[in-house]
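Notes to accompany the following structure.
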Amino acid sequence: MLQKDERVDTILLYSQPDLLCADVTCGQTEPDVVLMDIDFQGKENGFYFAEKLYQIAPELPVIYMTGYSDRYAQLVFLTDANLVGYMTKPVRESILHQYLDKLAERCAKGRFFRFAARGKECNILAEEILYLESKNHAVAIHTDCGEYLVYEKLSSLAERLPSFFVQCHKSFLVNMKRIAQLSTGSIMMSDHSSIPISKSRQAQTRTAFLHHVWGTL
């Protein structure tokens, strides 16, 4: 069923879920979704591995599958997991496609950005970030819902951000989706914040923004 769907690029099969967890941990694979069977041979089941994945990559969505609906239906929410679906076997193709539609819509909105702030792991949609500002050995992440202070280098955070972010200044990274106006020497964001553009990054910033605009038309 997945092979017939044109939206599906790569399918990885794991008979041992602990190997999947290991690959996700080391960055060997970065799946858009995990279809997790619940019943496995051995003492651990799919709930255990979904919770383990949640600890490693809380933004990774999981869809449970099982042929034992009467056994597991009441247990699906008792463990922490980024659960987006539950299918019973034999899997109905129409249901699978509805879940793929849901995931495609979710991916189109933007991916999650993970960071640590005040000792807590945070996950927010990258599109909710207005800009990042480096100051006093920390980085302030400005979002629609407030500001997060992160003790990482701006360059390190930039490597994990999507391509619609551009560094317009040595101390600023801006979300091009949230630019209201681009002028010589400054950027006006959608919240009316004014962000400086350094002379050395003027051409690079303008080119990146034009490519972004053309790509979304």
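Not a single donor-acceptor pair under 3.5 Å links the side chain of Gln98 to the backbone N or O of Asp101. Listed for the Lys102 side chain is no donor-acceptor partner under 3.5 Å among the backbone atoms of Gly85. Of the possible polar contacts, one joining the Tyr99 side chain to the Tyr86 backbone as a donor-acceptor pair under 3.5 Å is found.
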Return a table of donor-acceptor pairs under 3.5 angstrom between the side chains of residues 184-197 and protein atoms on other chains or two or more places apart.
residue, atom, partner, partner atom, Å
Ser190, OG, Arg178, NE, 3.3
Ser190, OG, Arg178, NH2, 3.4
Asp191, OD1, Ser193, N, 3.1
Asp191, OD1, Ser193, OG, 2.9
Asp191, OD2, Ser193, OG, 2.9

Can you give each donor-acceptor pair under 3.5 Å made by side-chain atoms of residues 74-81, sequence neighbours left out, with the distance rounded to 0.1 Å?
none

Please tabulate, for side-chain N and O atoms in residues 8-27, each donor-acceptor pair with protein atoms closer than 3.5 Å (sequence neighbours left out).
residue, atom, partner, partner atom, Å
Tyr14, OH, Asp23, OD2, 2.6
Thr25, OG1, Cys21, O, 2.7

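Note: Cys168 SG to Ile179 CD1 = 7.5 Å, rounded to the nearest 0.5 Å. The line from CZ of Phe49 to CZ of Phe40 is 6.5 Å long, rounded to the nearest 0.5 Å. Atom-to-atom distance recorded for Met87:CE and Met65:CE is 5.5 Å, nearest 0.5 angstrom. Rounded to the nearest 0.5 Å, atoms OG (Ser69) and NZ (Lys89) are 12.5 Å apart. Going from atom CZ of Phe165 over to atom NZ of Lys177 covers 9.0 Å, rounded to the nearest 0.5 Å. Here the CD-CD1 distance, from Glu128 to Ile141, works out to 12.0 Å after rounding to the nearest 0.5 Å.
When hydrophobic clusters are built by joining Ile, Leu, Val, Met, Phe, Trp and Tyr residues whose side-chain heavy atoms come closer than 4.5 Å, directly or via intermediates, Tyr54 is not grouped with Leu125.
Below 30°, between 30° and 60°, or above 60°: for Phe172 and His169 the angle between ring planes is above 60°, a perpendicular geometry. Ring planes of Phe164 and His212: tilted class, angle from 30 to 60°.
Open room surrounds CD on Gln28; 12 or fewer heavy atoms of other groups in view lie less than 6.0 Å from it. Counting non-hydrogen atoms of other residues, nucleotides and ligands closer than 6.0 Å to CZ of Arg92 gives a total of 12 or fewer.
Between Ile63 and Leu35, the closest side-chain pair of non-hydrogen atoms falls below 4.5 Å. A heavy-atom distance below 4.5 Å is found between the side chains of Leu132 and Leu161. Side-chain contact between Leu210 and Leu182: absent, with no pair of heavy atoms (C-beta onward) separated by less than 4.5 Å. No side-chain heavy atom of Ile38 sits under 4.5 Å from any side-chain heavy atom of Tyr68. Taking the side chain as every heavy atom from C-beta outward, Leu53 and Met36 approach each other to under 4.5 Å.
For Lys153, there are no salt bridge (Lys or Arg N to Asp or Glu O under 4.0 Å) partners at least two apart in sequence or on another chain. Qualifying side chain to side chain contact (heavy atoms under 4.5 Å, CB included) partners for Arg114, counting only residues two or more places apart in sequence or in other chains: Pro58, Glu59, Glu121, Asn123.
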Would you check, one step at a time, whether the test side-chain contact (heavy atoms from CB on, under 4.5 Å) holds for Leu60 with Asn82? CA-CA 6 Å; Leu60 179 57; Asn82 187 5; 5.6 Å; no

Take Arg71 and Asp39, measure what side-chain contact (heavy atoms from CB on, under 4.5 Å) needs, and give me the verdict at the end. CA-CA 10 Å; Arg71 182 185 306 174; Asp39 196 57; 3.9 Å; yes

Could you walk me through whether Tyr148 and Thr143 pass the side-chain contact (heavy atoms from CB on, under 4.5 Å) check? CA-CA 8 Å; Tyr148 298 88; Thr143 75; 3.9 Å; yes

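Think of Tyr151 as one node in a network of Ile, Leu, Val, Met, Phe, Trp and Tyr side chains linked at under 4.5 Å; its network also takes in Leu149.
Arg201 and Gln167 make their closest contact through CD-O, 3.4 Å (heavy atoms, listed as atom of the first residue, atom of the second, distance). Smallest separation of non-hydrogen atoms from Val139 and Leu154: CG2-N, 3.8 Å. Of all non-hydrogen atoms in Ala140 and Lys135, the two that sit nearest each other are CB-CE, 3.7 Å. Of all heavy-atom pairs spanning Asn175 and Ala126, the tightest one is ND2-O, 3.6 Å.
Salt-bridge annotation for Lys4 and Glu93: present, with a side-chain N of the basic residue lying under 4.0 Å from a carboxylate O of the acidic one.
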